[in-house]
Amino acid sequence: MSETNLYGKILEVDLTRGEFKSWEVDPGFARKYIGGRGFTSRFNYDLNPKDLDPLSPENTLVFAAGGLSGAPMLSSARFQVGARSPLTGILGDGNCGGFFAASFRRTGYSTIIFKGKSEKPVYLAIDDDQVALRDAGHLWGKDTHETTETIQHELGSEDFRVASIGPAGENLVLIAGVVADKDHLAARTGLGAVMGSKNLKAVAVRASKPFPVKNPEVFKQLAVELAKLQANDARSADFTRRGTLGTLMDHHTEIGGTNTMNFQYGQFAGKKKIDGEALINSYLVRTAGCYRCSVKCDRVSEVKEGEFAGTKVGGPEYCTAAAFGSGVGNDNLAAILKGNDLADRFGLDTLDLGGVLAFAFELFQRGILTTKETEGLDLTWGNYHTMLELVRKIAYREGYLGETLAHGVRGAANIIGKNSIRYAVQVKGMTPAPLDARAVQVYNFRYAVSPRGADHLRISAPGAYGLDALPYDEAASKLYYWESIITMPDLMGICKFPYTYYAETVEKTLHKMLKLVPGLYSAATGFDFDGEELIETSQRINNLERAYNARLGLTSKDDILPPRFTEDPMPEGPAKGKVYTILEPIKEAWYQAHGWNPETGVPRRAKLEELGLKDVADDLVAHGIDIS
């Protein structure tokens, strides 16, 4: 094995010509960007220019394993998909777990770059060193479960891991995701529609090779230390039992911040019918986990009786339960499981799907949508039959409402008009997570400043709910530090949950992320990589992504929150009376912490050059962007 094989190979697929070429990752590039989100963001910047239609053949799509995806260590299960987002028009990416990433990386490839558009539907098959584009005409129209099973059958083995799109991606629905292993999604920013626009139905991978490790003895020692640390973590053990649906819905309800009826309220009266304990008592078959997972926060649930009997699904997690539950006023848990199953099969992001559903229900409540526009459907809060019918209509862009909601919340509001944008809970076109920004204010300015739009996965911190009591500069400084910590799993291809979100103590988190993970990456690659360099790399990626959007013309004026948070007082519950009022001062403190222009939010040349991004600084200047 050559030294450069330690970092994998890049496979470029020209879909227009049906041709391939590959090369080994340069060690300097690997060290600078690591993998995963580091690779997708860098290639997105380099290969997708400012003037680009996200659904055109010119939009380059990238699959990237992380620096440790598939490694023999805890929760090394994730990969990143990146392109210009058709939903938001800005930086697009999605992160995904399951088992696909481990097989993908162990083929010897770390990255796939898809260019152009195939004349006919195809899928890419990688079997160790063998690469082929195969006809997918017979797969077009199939859901993701049928697609996965058909590909495995015709390739002759269930060992093939499949990432595919469903009818939503084929129909260019802007909230379509990429579905791996049937029920794990690179969900956000509409990248399933990018695959559909390229006539790329799926990617199938099988590997027999081990993960490449430069210093196996050191790697093994560190992996064992990591496993021991995780095994004794009480908070993680609680998370194993209850999952996100239990831990997050409970806490967000307690503080009055659970999305209820399109964020009109912060507590849902039917919460106990749809929460983690209700799932455990009624439908949970077993817990499950991704590749080498010790936490096993996945749920496998089955409805055995009633109108949804036979529904078996991987889920639901909290965001999905809120999308099909509290967000639309529905307390029927079996219907939530059915909605989860439909979304997986059609290939839809449940967060943005829940966003457009709740938006439509509220417009119906307010008389902006009537039975004329809904073609007879009754969008009264809690009507889960209508909810499920709309999921299907959106996937197939069927009728006025299906076609309209397929554009996402912002796009739908622009089509509907009648000041409906006032009720669109979105930032830059993307729906936020179910935690209401009015309930926890300093922390949730993250929805405004994330490079993907309203996002909860780019900024996080232990004790974040207590930041409201701190001066803005101190709170922003703490979040700036933890932004780097939270970025690291996306680069390495590891899961945020056991490494950052659900560690028992802050000390355990930092020991993992600043000692064990750099040590494991160094043992794998031969680099002398430490926690300080890993923080610098995270900062490089965050600045690169901010620069990507700055090149498109985004500034501080685009870092906003929707009127629901900034103008509507919370009507009841623990957050009663709260309105989001602190956006401008916390934004300015955030920009200052990063070394960005405090007025525009654009990265300054000095910061970009400090992080080894002089070429990006020069490019911004060439595009007329002020980075002084």
Side-chain angles (χ1 to χ4, degrees), residues 5 8-15 18-22 61 63-65 69-72 76-79 81 96-114 118-167 169-170 178-186 192 195-196 198-212 288-292 298 300 312-314 341 344-347:
N5 265 337
K9 295 188 295 182
I10 295 173
L11 174 67
E12 183 178 298
V13 182
D14 186 329
L15 291 166
E19 297 175 351
F20 312 103
K21 62 180 178 181
S22 65
L61 177 72
F63 280 49
S69 296
S76 53
R78 305 194 74 86
F79 70 103
V81 184
C96 188
F99 292 80
F100 178 91
S103 291
F104 171 26
R105 180 62 184 89
R106 290 188 293 107
T107 64
Y109 294 104
S110 63
T111 309
I112 310 171
I113 299 173
F114 291 102
S118 175
E119 182 180 354
K120 298 178 180 179
V122 293
Y123 72 90
L124 179 71
I126 304 176
D127 192 1
D128 279 336
D129 295 321
Q130 302 301 309
V131 179
L133 279 173
R134 300 174 66 103
D135 177 70
H138 60 300
L139 300 174
W140 211 251
K142 292 185 181 295
D143 69 34
T144 59
H145 288 211
E146 296 167 329
T147 297
T148 297
E149 292 162 7
T150 302
I151 288 176
Q152 289 174 335
H153 176 74
E154 65 188 37
L155 294 180
S157 175
E158 293 184 359
D159 291 338
F160 278 93
R161 296 294 178 177
V162 179
S164 68
I165 58 172
E170 296 173 2
V178 181
V179 183
D181 303 309
K182 296 183 178 179
D183 58 12
H184 291 81
L185 271 78
M195 280 185 67
K198 294 181 175 299
N199 278 330
L200 177 63
K201 178 65 175 176
V203 179
V205 295
R206 180 173 69 170
S208 62
K209 304 172 184 177
F211 180 87
C290 301
Y291 179 77
R292 289 186 173 266
D298 280 354
V300 176
K312 189 171 184 178
V313 64
D341 183 48
D344 288 347
R345 289 175 181 271
F346 291 146

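Computed from a prediction, not measured in an experiment: that's the story for all the values here.
- Remark: Leu133 CG to Glu19 CD distance equals 10.5 Å, nearest 0.5 Å.
- In this structure, the side chains of Asp344 and Leu185 come closer than 4.5 Å at one or more pairs of heavy atoms.
- Distance CD1/Ile10 to OG/Ser110: 6.0 Å, rounded to 0.5 Å.
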Audit row: Ser118, Lys198, side chain to side chain contact (heavy atoms under 4.5 Å, CB included) steps and yes/no: CA-CA 6 Å; Ser118 175; Lys198 294 181 175 299; over 6 Å; no
Chi angles and distances behind the side chain to side chain contact (heavy atoms under 4.5 Å, CB included) call for Leu124, Val131: CA-CA 7 Å; Leu124 179 71; Val131 179; 3.7 Å; yes
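- Residue Gly196 comes nearest to Trp140 through the heavy atom pair O-CH2, 4.0 Å, listed as atom of the first residue, atom of the second, then distance.
- Annotation: Glu158, atom CD; neighbour count of heavy atoms from other residues, nucleotides and ligands within 6.0 Å does not exceed 12.
- When all heavy atoms are compared, the tightest approach of Ser69 to Arg105 is O-CG, 3.2 Å.
- Closest non-hydrogen pair, Cys96 versus Ala180, comes out as SG-CB, 3.7 Å.
- Listed for the Glu12 side chain is no donor-acceptor partner under 3.5 Å among the backbone atoms of Phe20.
- Side-chain N or O atoms of Lys201 include one that pairs as donor or acceptor with a backbone N or O of Ile165 at under 3.5 Å.
- Counting all heavy atoms, side chain and backbone alike, Ser103 lies closest to Ala207 at O-CB, 3.3 Å.
- The two residues Ala163 and Val178 come nearest to each other via the heavy atoms CB-CG1, 4.1 Å.
- Nearest heavy atoms, Gly98 versus Cys290: N-SG, 3.1 Å.
- The pair Arg345-Glu146 fails the salt-bridge criterion, with no side-chain N (NZ, NE, NH1 or NH2) lying under 4.0 Å from an Asp/Glu carboxylate O.
- Not counting sequence neighbours, the partners of Phe346 by the ring pair (Phe, Tyr, Trp, His ring centres under 6.0 Å) test are Tyr396.
- Side-chain atoms of Asp14 and Lys21, non-hydrogen and from C-beta on, never get closer than 4.5 Å to each other.
- With rounding to the nearest 0.5 angstrom, the CD atom of Gln152 is 7.5 Å from the OG atom of Ser157.
- With sequence neighbours excluded, the residues that form a side-chain contact (heavy atoms from CB on, under 4.5 Å) with Ala204 are Ile151, Leu155, Phe160, Val162.
- Counting only heavy atoms from C-beta outward, the side chains of Val300 and Val313 never approach each other to under 4.5 Å.
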Check against ring-ring contact (aromatic ring centres under 6.0 Å, His included), Phe63 and Tyr109: CA-CA 10 Å; Phe63 280 49; Tyr109 294 104; over 10 Å; no
Evaluation steps, side chain to side chain contact (heavy atoms under 4.5 Å, CB included), between Val179 and Thr147: CA-CA 10 Å; Val179 183; Thr147 297; over 6 Å; no
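- Residues Leu61 and Met195 form a side-chain contact, since some pair of their non-hydrogen atoms from C-beta on lies under 4.5 Å apart.
- Residues forming a ring pair (Phe, Tyr, Trp, His ring centres under 6.0 Å) with Phe100 (at least two apart in sequence, or on another chain): Phe79, Phe104.
- Within the structure, every pair that satisfies the side-chain hydrogen bond (donor to acceptor under 3.5 Å, both in side chains) test and touches residues 122-138, not counting sequence neighbours, is listed here: Tyr123-Arg134, Tyr123-Glu154, Asp127-Arg206, Asp128-Ser208, Asp129-Lys209, His138-Glu154.
- Evaluation of the side chain to side chain donor-acceptor pair (under 3.5 Å) rule for Asp181 yields no partner, not counting sequence neighbours.
- Rounding to the nearest 0.5 Å gives a distance of 10.0 Å between OG of Ser164 and CG of Leu200.
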Derivation and outcome, side chain to side chain contact (heavy atoms under 4.5 Å, CB included), residues Val122 and Leu15: CA-CA 9 Å; Val122 293; Leu15 291 166; 4.1 Å; yes
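- Qualifying side-chain contact (heavy atoms from CB on, under 4.5 Å) partners for Lys182, counting only residues two or more places apart in sequence or in other chains: His145, Thr148, Glu149.
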